[in-house]
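Data block below; observations after.
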Amino acid sequence: MKLEDKLMTVDMKDIVALCKRRGFVFPASDIYGGINGFWDFGPLGVELKNNLRDLWWKHMVLCPPIGPDGTPVEIVGLDSAIIQNPKAWEASGHVGGFSDPMVDCKETKLRYRADHLIILHQEQGNPQDLRAVTFVEGTSEEDISKRLKKLGFSPNISDYKTFKFFDFPYVSENLDKIFGPDAKEKGTLTPPKQFNLMFHTFVGATAGEDNKVYLRPETAQGIFLNFKNVLDSTRVRVPFGIAQVGKAFRNEVTPRNFIFRSREFEQMEMEWFCHPDEAKKWFDFWIEQRKKFWLSLGLSEASLDCRKHGQDELSHYAKTGEGTYDIEYKFPFTAPGFGELEGIAHRSNFDLTQHEKHSGVKMEYMDPVDTSKRFIPHVIEPAAGLTRGVLALICEAYTVDANRPSGMYMNFHPALAPKKAAILPLTAKEEHVPLATKLYLELREEFAVDLDIKQNIGKRYARQDEIGTPYCFTIDNDTVTDGTVTVRDRNTMAQERISMDSVAGYLREKMRA
RNA sequence: GCGGGUGUAGCUUAGUGGUAAAGCACUAGCCUUCCAAGCUAGCUAUGAGGGUUCGAUUCCCUUCACCCGCUCCA
C-alpha cells in the first residue's frame with residue numbers, strides 16, 4: 001500500500017482506540033476521568049517502549065557505532081536523579097528562560113510572546129493622550145506605517161520611540177492605553193502571564209521558597225553535572241559520550257495529540273563531548289547515525305524528514321555553532337507535515353561553561369597526552385523522545401488490511417514487537433495441547449511468547465495480528481507424527497512447515513535488527 | 001488560554017422525565033484439523049458534581065476528559 005493511501009485510511013482515532021483496547025496506552029487516572037497531559041503504558045505498551053529503549057541503549061552504550069576513523073566510538077551510561085540542586089536549573093537557563101511570558105488579546109483572541117513584542121510610543125504633552133502601539137518584532141516598516149496611519153496617528157516612524165515590551169515604562173499599568181498588534185480598540189491586551197514550564201515541588205516535609213526544587217525538564221543536565229565525575233572515575237578520553245534514558249517533565253501549555261506532547265515523558269539523550277574544532281565533523285556524524293537508527297527500526301524513508309532549525313526557533317543553548325537538526329516523523333496528525341522525533345543540537349560549550357560559572361568547579365578538559373591542550377569540550381547532543389518514538393512506531397505499524405478478519409495488523413519489526421510469537425494448538429483436544437505447552441515452555445526462556453489455546457484458530461490469528469505478533473507456531477496432527485509445526489507469517493499470512501526443534505533458532509534469526 | 005464538537009458496556013450503535021436495548025468482543029462449556037463459523041450460559045455502561053423534579057441517562061448549571069481549529073511548543 002502506498003503511503004498516501006495509508007494516510008488516507010489511518011485515522012488517529014483508530015490508533016488511539018486500538019492502543020486502549022489492546023493495552024498499549026491508557027489514559028492516566030482513567031477511572032477518575034483522566035488527567036490532561038498524562039498517559040499510562042499498558043502491558044504491551046511497556047514491552048514496546050522497553051524494546052525501543054533497549055535497542056537505543058545497545059546502539060549507544062553497549063555497541064556504539066564505528067566512528068569516522070574506523071574504530072568504535074566510546075560512550076558510557078548514566079542514570080541521574082530527576083531532582084537536582086535548583087542551582088543547576090538556574091545555570092542551565094531553564095529557570096530564567098524556559099518560561100516565556102505571554103500576552104493575550106481579548107479582542108482578537110490572539111496570543112503573543114511578550115518578548116517578541118515592541119511598542120512604538122509617541123511623546124504627548126497630555127498623559128491621557130498616550131499614543132502607544134504594539135507590533136510583533138520583525139514587522140516591516142511599511143506595515144508599521146500603514147497601521148499607524150490607519151489608527152489616525154502619524155505614519156512617520158521617526159516620530160516614535162521604540163521600546164521592547166518589558167522596557168516600556170509602567171507597561172502593566174498602561175495596558176488600557178496601548179493598542180494590541182492586531183486590535184482595533186486599545187486596551188485589549190492582558191498583563192503578561194508567566195508560563196513556567198518546569199514542575200516544582202518541595203524537598204522535606206515543609207513547603208517554602210527556600211526548599212523549592214524542580215522536576216527536570218530534560219535529562220541532559222544530569223549528564224553535564226556528572227561530567228567531572230565520569231572523567232575522574234572512568235578512563236574515557238575526549239571525544240566520548242554519556243548516555244541517559246529517563247523521565248522528564250514539562251508543564252506544557254497545551255498537551256496535544258495523544259502521547260506526542262505530554263507533560264510527563266521519556267527521553268533518550270546522549271551528550272557527545274569533543275574538541276571545538278571537531279564539532280562540525282561529529283555533528284554530521286551523529287545526524288547520519290541517528291537517521292540510520294530510526295530507519296533500522298522500520299520507519300519508512302518517506303515518513304522521515306531531516307530538517308535544520310531556522311535561527312528564530314533555536315533554543316537558548318544552541319544560538320551559536322552548528323545549530324540544531326530535527327529528525328521528524330510524518331504522524332497522522334501532522335501530515336502532510338512532520339513532528340519532531342529527535343533533535344541533534346550543537347550545544348557548544350554553553351552548558352559546561354554555565355555550570356563552571358555557577359558551581360565554581362573547573363570544567364576544563366586536559367589532553368592526557370599533550371597536557372598543554374586545555375579546553376572546555378563542545379557538545380553534540382542527539383536527544384530523542386522515547387515516548388514519541390513509541391508513538392511513531394505505533395503509527396508506522398498500523399496497517400489497514402480489509403482482506404483479513406481483524407481488518408488491520410500491527411507491522412512491528414520483530415525486534416520491537418511486544419510479543420515475538422504465539423504458540424497455538426490447532427484444537428484444544430487430543431495431543432496438540434501438551435506439545436504446544438512443551439514448545440511454549442522452551443521458548444519463554446528466551447522470548448516473549450504467548451500460549452493461546454482457547455477458541456478457533458482464526459480468532460487467535462486475528463488477535464495476534466492486532467498486537468503485531470510477527471509469528472504464530474501452530475501444532476496440528478502432523479506435529480504428532482513428524483514433529484513439524486506451521487509458521488504463520490503475520491504480514492503475508494503465508495504458512496510454511498518447520499521442525500519443532502528449529503523454532504527457537506528460527507525466531508533468533510528473525511529477531512536480528 | 002480561546003472558539004467549536006463529543007461523552008450510554010472493551011468496541012459500534014439504540015432509546016426514554018418512570019425497570020437502559022442490541023450486535024460484536026470478552027469469560028466458561030460444547031463443537032471445531034488453519035484465518036474472528038455455530039450452539040449454550042455469563043460479565044460489563046449513561047464521564048464527574050450540583051440544581052429543578054415525587055422521580056433525571058434525558059432539562060438546566062458547573063466541572064473533567066478527548067477530538068478539531070487557533071495559540072503555544074528546549
Side-chain angles (χ1 to χ4, degrees), chain A residues 11-14 16-18 20-23 26-39 89 92-94 97-100 102-113 116 190 193 195 197-198 216-221 248 250-258 260-263 267 269 309 313-319 324 326 333 339-340 343 345 347 350-351 381 383 385 401 403-407 409 424-430 432 454-466 472-480 485-488 490 493-495 497:
Chain A
D11 193 332
M12 213 47 214
K13 262 196 302 194
D14 297 330
V16 174
L18 176 90
K20 182 170 181 190
R21 185 155 44 92
R22 287 306 189 188
F26 303 128
S29 310
D30 203 6
I31 61 170
Y32 288 104
I35 174 166
N36 188 252
F38 296 88
W39 299 86
W89 303 110
S92 69
H94 288 89
F98 202 65
S99 57
D100 299 313
M102 306 297 299
V103 172
D104 288 319
C105 177
K106 286 177 281 196
E107 178 191 315
T108 61
K109 307 295 181 197
L110 294 169
R111 166 174 289 179
Y112 311 93
R113 270 177 69 163
H116 284 180
T190 63
K193 264 180 249 167
F195 285 86
L197 293 189
M198 273 199 294
R216 66 181 177 202
E218 61 173 19
T219 57
Q221 294 306 324
R250 289 182 200 174
N251 217 342
E252 296 287 355
V253 179
T254 317
R256 270 292 165 90
N257 293 323
F258 197 33
F260 180 76
R261 176 174 295 120
S262 47
R263 292 186 162 130
Q267 294 184 304
E269 297 195 296
H309 271 206
E313 50 182 332
L314 287 177
S315 43
H316 61 271
Y317 55 71
K319 298 276 187 209
T324 299
D326 274 353
F333 48 82
E340 182 183 346
R347 296 183 78 130
F350 176 86
D351 301 276
E381 173 199 75
D401 180 2
N403 296 321
R404 62 177 75 203
S406 54
Y409 62 101
L424 312 173
L426 191 57
T427 69
K429 303 170 98 181
E430 303 169 24
H432 300 164
K454 302 285 179 181
Q455 298 178 317
N456 74 58
I457 193 74
K459 286 191 184 188
R460 286 179 279 164
Y461 284 148
R463 274 201 290 264
Q464 298 300 333
D465 281 347
E466 277 201 327
C472 291
F473 300 105
T474 304
I475 282 77
D476 59 13
N477 281 343
D478 289 350
T479 314
V480 180
V485 298
T486 61
V487 187
R488 185 261 196 186
R490 174 195 62 204
M493 296 195 283
Q495 301 189 0
R497 291 201 80 91

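Since this is a predicted model, take the numbers as computed values, not measurements. Within every chain, numbering begins at 1; the chains are lettered A, B, ... in the order of the sequence lines, protein sequences first and strands thereafter.
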[atom1] of [X] versus [atom2] of [N]: gap in Å, rounded?
X: A/Leu426; N: B/U32; atom1: CG; atom2: C1'; value: 9 Å
X: A/Gln495; N: B/C35; atom1: CD; atom2: C1'; value: 8 Å
X: A/Lys13; N: B/C67; atom1: NZ; atom2: C1'; value: 8 Å
X: A/Arg22; N: B/C24; atom1: CZ; atom2: P; value: 17 Å
X: A/Lys459; N: B/C31; atom1: NZ; atom2: P; value: 16 Å
X: A/Asp30; N: B/G47; atom1: CG; atom2: C1'; value: 10 Å
X: A/Arg263; N: B/C72; atom1: CZ; atom2: P; value: 17 Å
X: A/Leu197; N: B/G1; atom1: CG; atom2: C1'; value: 14 Å

Are the side chain of [X] and the backbone N or O of [Y] linked by a donor-acceptor pair below 3.5 Å?
X: A/Asp476; Y: A/Thr479; result: yes
X: A/Asn257; Y: A/Phe260; result: no
X: A/Glu269; Y: A/Thr219; result: yes

So what does [X] hit on the nucleic acid, given a heavy-atom distance under 4.0 Å: a base, only sugar-phosphate, or nothing?
X: A/Lys454; value: sugar-phosphate
X: A/Ala220; value: nothing
X: A/Gln455; value: sugar-phosphate
X: A/Arg256; value: base
X: A/Gln464; value: nothing
X: A/Asn36; value: sugar-phosphate
X: A/Phe258; value: sugar-phosphate

Per [X] side chain, nearest of listed nucleotides [options]:
X: A/Ala428; options: B/U32, B/A36, B/C70; value: B/U32
X: A/Pro405; options: B/U27, B/C66, B/C35; value: B/C35
X: A/Met493; options: B/U32, B/C35, B/C68; value: B/C35
X: A/Arg21; options: B/C35, B/C11, B/C26; value: B/C11

When you compare [N] with [M], how far apart are their [atom1] atoms, in angstrom units rounded to a whole number?
N: B/G50; M: B/U57; atom1: P; result: 12 Å
N: B/A14; M: B/U6; atom1: P; result: 13 Å
N: B/A20; M: B/G51; atom1: C1'; result: 23 Å
N: B/A25; M: B/C11; atom1: C1'; result: 7 Å
N: B/G4; M: B/G42; atom1: C1'; result: 43 Å
N: B/A37; M: B/G69; atom1: C1'; result: 46 Å
N: B/A45; M: B/U8; atom1: P; result: 13 Å
N: B/C2; M: B/U27; atom1: P; result: 45 Å

As a test of your reading of the structure, name each stem of RNA chain B as range with range, where a stem is three or more consecutive Watson-Crick or G-U pairs at under 3.5 Å.
B:1-7 with B:64-70, B:10-13 with B:21-24, B:26-30 with B:38-42, B:47-51 with B:59-63
Would you say the side chain of A/Pro217 lies within less than 4.5 Å of the side chain of A/Trp89, judging by non-hydrogen atoms?
yes
For residues A/Tyr409 and A/Glu466, determine if any side-chain heavy atom of one lies less than 4.5 Å from a side-chain heavy atom of the other.
no
Do you see a donor-acceptor pair shorter than 3.5 Å between the side chains of A/Tyr461 and A/Thr474?
yes
Can you confirm whether the side chains of A/Arg488 and A/Gln464 place a donor and an acceptor under 3.5 Å from each other?
no
Heavy-atom nearest nucleotide on RNA chain B for A/Glu466 versus A/Val16: which residue maps closer to 5'?
A/Glu466
Between A/Ala383 and A/Asn257, just flag the one whose closest nucleotide in RNA chain B comes earlier from the 5' side.
A/Asn257
Step by step, would you call A/Trp39 with A/Phe258 a ring pair (Phe, Tyr, Trp, His ring centres under 6.0 Å)?
CA-CA 8 Å; A/Trp39 299 86; A/Phe258 197 33; 4.9 Å; yes
Note: A/Glu218 and A/Arg347 closest approach over all heavy atoms is OE2-NH2, 3.1 Å
Are OP1 or OP2 of B/C35 and a side-chain N or O of A/Asn456 less than 4.0 angstrom apart?
no
Within the modelled atom types, does a donor on one side and an acceptor on the other bring the side chain of A/Tyr461 and the base of B/C34 under 3.5 Å apart?
yes
With A/Asp465, the side-chain hydrogen bond (donor to acceptor under 3.5 Å, both in side chains) member among A/Arg404, A/Arg460, A/Arg490
A/Arg404
